[in-house]
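These numbers were taken from a predicted model, which means no experiment stands behind them. Per chain, numbering begins at 1; letters A, B, ... match sequence-line order. Values reported hereafter were calculated over all heavy atoms of this structure, with side chains retained and with hydrogens, waters and symmetry mates removed.
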2 protein chains.
Amino acid sequence: MLTISMLVNDPRNLPASVETSVKDNNDMPGHLARRFQQIAVAVFLAEVEDAGFDLTPVQYAALATIKANPGLDQVTLAGLIAYDRTTITGVIDRLVQKGLAERRPSSRDRRARELQITDEGRRTLRKITPAVESAQRIMLGGLSAKEGEELMRLLRKAIAAGNELSRAPQRDAQI
Amino acid sequence: MLTISMLVNDPRNLPASVETSVKDNNDMPGHLARRFQQIAVAVFLAEVEDAGFDLTPVQYAALATIKANPGLDQVTLAGLIAYDRTTITGVIDRLVQKGLAERRPSSRDRRARELQITDEGRRTLRKITPAVESAQRIMLGGLSAKEGEELMRLLRKAIAAGNELSRAPQRDAQI
DNA sequence: TACTGATAGTCAGCATACTGAGCAATATCC
DNA sequence: GGATATTGCTCAGTATGCTGACTATCAGTA
């Protein structure tokens, strides 16, 4: 199939005066990162909806982290899953509104809110797990198991090196 | 440093009754995809701002694609860079508002808008290129050149397999 | 040519994500 | 103890990104 992009990407089809400094999108790690994430989110939402639930990737990550760290505050949660704290405010709003989590004032620090998962949240998390795992498999569907592992290794390595470059770096919770 | 996440992630520290079905975030390709993209966007914006410009990743991709395919319509643009057409509407609005692109009714199809880059847009693209290329290098900074290539190869492969799974798949322009 | 379906673009609505600012409370330092 | 800095959270504002719906137009066909 002959396409415009084949024409413009082939130097022989361009007059000498046309600048070709703009690289192909597929050579840009930033573009590939966005595309992969775009697909990952779509797959996640589709699998979760098929399972009969209405939960976004962030909401899932937040809920799972609250369950694993009962009583943690919002800033700690944000650090554990590497989201900006201003984003987390809205995410928690929606988890609370759906009855999956609770937000109550901390007794030790009156600025902080302690987060707890509800029974309903625990039930949702348990029932949604197969869909989440299925989504993770599907988004690596084009790769062999070995390639999938290697992709994840390289992503982890690049992320570790760039962790401090975003406003919401990953932070382990301090004891 | 002892951290809460070390505790909760170590099965020896958990009573037998605690379910550990929720995998670590770092084993989830979806989470890694979001983190890498988050860093990529932050690096892009920082480099571009350092160079004295105010352009987002989408705006850059759209502008570069308009320059390479003068007169294309919005749906074709959306397909080339794999964005939803409803997103592109707003992106073009802002490019036009900044004086970097023009949107005029198509003579062949009265539903469509033909997109053109302005001289100012061309100038901006030319001057911004070093910052964009620098950003691409920085976001792979933790990897060797070989690893960077391999990461991009694996991303391309996974994306190609999942292309149809998002609402905005990549589409080549038809002649 | 009239009908039917598909397509280009926009809009309303929702949920991320970010910047920057602000308030209240805590921690630190003198 | 009191001034200062820091921290937890929220809010306003902006830009993606998506779903679903709508209008205007085009294309194919009976």
Side-chain angles (χ1 to χ4, degrees), chain A residues 30 33-35 37-46 48-49 54-62 72-79 81-95 97-98 103-115 165-169 171 174, chain B residues 30 34-35 37-46 48-49 54-62 72-79 81-98 103-115 165-169 171 174:
Chain A
R34 185 191 62 81
R35 284 285 287 134
Q37 211 251 334
Q38 176 187 47
I39 292 167
V41 171
V43 168
F44 184 99
L45 292 176
V48 165
E49 188 186 350
D54 171 34
L55 214 64
T56 65
V58 213
Q59 289 168 16
Y60 171 79
L72 86 174
D73 63 290
Q74 295 187 188
V75 167
T76 303
L77 169 60
I81 57 181
Y83 278 89
D84 194 276
R85 63 196 198 289
T86 63
T87 300
I88 289 299
T89 296
V91 172
I92 301 295
D93 282 349
R94 286 176 282 278
L95 285 178
Q97 208 249 317
K98 290 178 183 178
R103 176 202 259 141
R104 55 180 72 141
S106 164
S107 49
R108 290 164 319 190
D109 185 338
R110 293 205 318 248
R111 294 169 301 180
R113 316 301 180 87
E114 284 179 4
L115 303 174
L165 300 181
S166 78
R167 177 164 128 159
R171 300 261 183 250
Q174 308 304 314
Chain B
R34 185 191 62 80
R35 284 286 285 132
Q37 211 251 333
Q38 175 186 47
I39 292 167
V41 170
V43 168
F44 183 99
L45 292 175
V48 164
E49 187 186 351
D54 171 34
L55 214 63
T56 65
V58 213
Q59 290 168 16
Y60 171 78
L72 86 173
D73 63 291
Q74 295 186 190
V75 167
T76 303
L77 169 61
I81 57 182
Y83 279 89
D84 194 276
R85 64 195 200 288
T86 63
T87 300
I88 289 299
T89 296
V91 172
I92 301 295
D93 282 349
R94 286 177 281 278
L95 285 178
V96 168
Q97 208 249 318
K98 290 178 183 177
R103 177 202 259 141
R104 56 179 74 138
S106 164
S107 49
R108 289 165 321 190
D109 185 339
R110 293 204 322 246
R111 294 169 302 179
R113 316 301 181 87
E114 285 179 4
L115 303 174
L165 299 181
S166 78
R167 177 164 130 161
R171 299 262 184 250
Q174 307 303 316

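Across the protein-nucleic acid pair, A:Arg85 atom CZ and C:dA21 atom P stand 13 Å apart, rounded to whole Å. In this structure, CD1 of B:Ile92 is placed 13 Å from C1' of C:dT10, rounded to the nearest angstrom. Rounded to whole angstrom, the span from the CZ atom of B:Phe44 across to the C1' atom of C:dT19 amounts to 18 Å. The CD-P distance, from B:Gln74 to C:dT7, rounds to 17 Å in whole Å. In this structure, the CG atom of B:Leu45 is 9 Å from the P atom of D:dT16, given to the nearest Å. Remark: C1' of C:dA25 and CG of A:Asp73 are 14 Å apart, rounded to the nearest angstrom. Taking atom CG of residue B:Leu115 and atom P of nucleotide C:dG9, one finds them 7 Å apart after rounding to whole Å. Atoms CG (B:Leu77) and C1' (C:dA8) sit 13 Å apart, rounded to a whole Å.
For B:Arg103, the side chain to side chain donor-acceptor pair (under 3.5 Å) partners at least two apart in sequence or on another chain are B:Gln74, B:Asp93.
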Could you pull out the protein-nucleic contacts involving nucleotides 26-29 of chain C (nitrogen or oxygen on both sides, under 3.5 Å)?
| unit_1 | atom_1 | unit_2 | atom_2 | d |
| --- | --- | --- | --- | --- |
| C:dT26 | OP1 | A:Arg110 | N | 3.2 |

Set out, line by line, the N/O atom pairs under 3.5 Å between protein and nucleotides 15-18 of chain C.
| unit_1 | atom_1 | unit_2 | atom_2 | d |
| --- | --- | --- | --- | --- |
| C:dT16 | OP1 | A:Thr56 | OG1 | 2.7 |
| C:dT16 | OP2 | A:Gln59 | NE2 | 2.9 |
| C:dT16 | OP2 | A:Arg94 | NE | 2.6 |
| C:dT16 | OP2 | A:Arg94 | NH2 | 3.2 |
| C:dT16 | O5' | A:Arg94 | NH2 | 3.3 |
| C:dA17 | OP2 | A:Tyr83 | OH | 3.3 |
| C:dC18 | OP1 | B:Gln38 | NE2 | 3.0 |
| C:dC18 | OP2 | A:Asp84 | N | 3.3 |

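Under 4.0 angstrom from either OP1 or OP2 of D:dT10 there lies at least one side-chain N or O belonging to A:Arg103. Dashed line: the shortest gap from a side-chain N or O of B:Thr89 to OP1 or OP2 of C:dT10 is under 4.0 Å.
Counted by atom type alone, B:Gln97 and B:Arg94 present zero donor-acceptor pairs between their side chains at under 3.5 Å. In this structure, a donor-acceptor pair under 3.5 Å is present between the side chains of B:Thr76 and B:Asp73.
Separating the CD atom in B:Glu114 from the CG atom in B:Leu77 is a distance of 13.5 Å, to the nearest 0.5 Å. To the nearest 0.5 Å, atoms CG (B:Leu95) and CG (B:Leu115) are separated by 9.0 Å. Summarising the geometry, atom CZ belonging to B:Arg113 is positioned 11.0 Å from atom CD1 belonging to B:Ile92; distances are rounded to the nearest 0.5 Å. The distance from the NZ atom of A:Lys98 to the CG atom of A:Leu55 is 5.0 Å, given to the nearest 0.5 Å. A distance of 7.0 Å separates CZ of B:Arg34 from CD1 of A:Ile81, quoted to the nearest 0.5 Å. The OH atom of A:Tyr83 lies 10.0 Å from the CZ atom of B:Arg35; values are rounded to the nearest 0.5 Å.
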